[in-house]
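Dropping a structure here in structure tokens format, bear with me for questions.
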Amino acid sequence: MATSPEHELLVQLQDLIIGTESVADFLSSLAGVAAAMISRSAGTPVECGVTLKRHRAAVTVGGSSDRAIDLDRIEHHAGPGPCTEAMRTKSVVLLGDTRSDSRWPEYRNQLMDHGCFTTLGVPLDLNEDASAALNFFASSAGVFSDATVRDAAGFAEIAGHAVRLAVKVATIQGVAQDMETAMKSRTAIDLACGIVIAQNRCTHAEAMKILTKASSSRNQKLRELAEEIVVKASGEKPQTHFDPAQAKPPHVPNTN
């Protein structure tokens, strides 16, 4: 059964998610595919940058080349331009000729300093917690025809699905890492509490008070203090997962 070009593109982009280790790497791979497609449509070399803004996260930028990343970042320093305008309005924004267009003067001047004379901002449809746009750059003015703009918008419609998936995967990975860190902290603190209980013949609540007071007086994180106590008592760092049947209990010095 034959598949449509749109389906093949979506599969290609989903494969990129699997084959890259970070959102930034995925965005750069995505930008490479976008630049190649729009270069064919425009009949001239086109570079592409991608800007992704997520709630409570730093702006992530990817690009089809180092130069594309540099061009994309101009808007972060010089002020608004087609890319940020596209994200704000959720519509395609074309800067056809940096020499004659009167919008965004500081941005245009810096683009021309880099030898770029036209740019096209195309929004990606994500969700209320994130926004993104493709930013296409060309060294000659007027290369983005109506047909090329439609091709760029069509690509962005498909790419939006892949970017949403990449962001979701990254969010899940971040939550998993946070949980792993919390589990490690909890394990160390629980073990340290057990050591303090054995040494002082006190309750769990009293042991926590002792640890918390020591952490505060030393200006040291509770987890780091707990790990120190466990290492001194057992000679080993606490593990996140262990089998009680196989794990040896830590040696607790006799304080009597």
_Would you say that more than 12 heavy atoms from the other residues, nucleotides or ligands in this model lie under 6.0 Å from the CD of Glu224, or not?_
yes
| message | Does any part of the side chain of Val50, heavy atoms only, come nearer than 4.5 Å to the side chain of Val61, both counted from C-beta? | response | no
Side chain to side chain contact (heavy atoms under 4.5 Å, CB included) filter on Ala205, not counting sequence neighbours, yields Thr203
Test your reading of the model: is there a side-chain donor-acceptor pair from Ser39 to the backbone of Val46, 3.5 Å cut-off? yes
Exercise. Are Glu228 and Arg218 close enough for a salt bridge, meaning some N to O gap below 4.0 Å?
Worked result: yes
Within a 6.0 Å radius of atom CG on Asp66, are there more than 12 heavy atoms belonging to other residues, nucleotides or ligands?
no
Taken in chain and number order and not counting sequence neighbours, the residues that satisfy salt bridge (charged side-chain N to carboxylate O under 4.0 Å, His left out) with Glu75 are none
Walk me through whether Ser145 and Thr148 qualify under side-chain hydrogen bond (donor to acceptor under 3.5 Å, both in side chains). CA-CA 5 Å; Ser145 65; Thr148 300; 3.2 Å; yes
Discussion item. Would you say that more than 12 heavy atoms from the other residues, nucleotides or ligands in this model lie under 6.0 Å from the NZ of Lys90, or not?
Written reply: yes
Short side-chain to backbone donor-acceptor contact, Thr84 and Pro80, under 3.5 Å: no
Is there a side-chain contact between Ser215 and Lys221, using heavy atoms and a 4.5 Å cut-off? no
Sorted by chain and number, sequence neighbours left out, side chain to side chain contact (heavy atoms under 4.5 Å, CB included) with Arg103 holds for Val93, Leu95, Asp101
Less than 4.5 Å apart, any side-chain heavy atom of Phe137 and any of Leu111? yes
Cluster check Leu71, Val92: I/L/V/M/F/W/Y, side chain < 4.5 angstrom:
no
Between the side chains of Glu85 and Arg88, is the shortest nitrogen-to-carboxylate-oxygen separation below 4.0 Å, so that they form an ion pair? yes
Are any of the side-chain heavy atoms of Phe136 and Val122 separated by less than 4.5 Å? yes
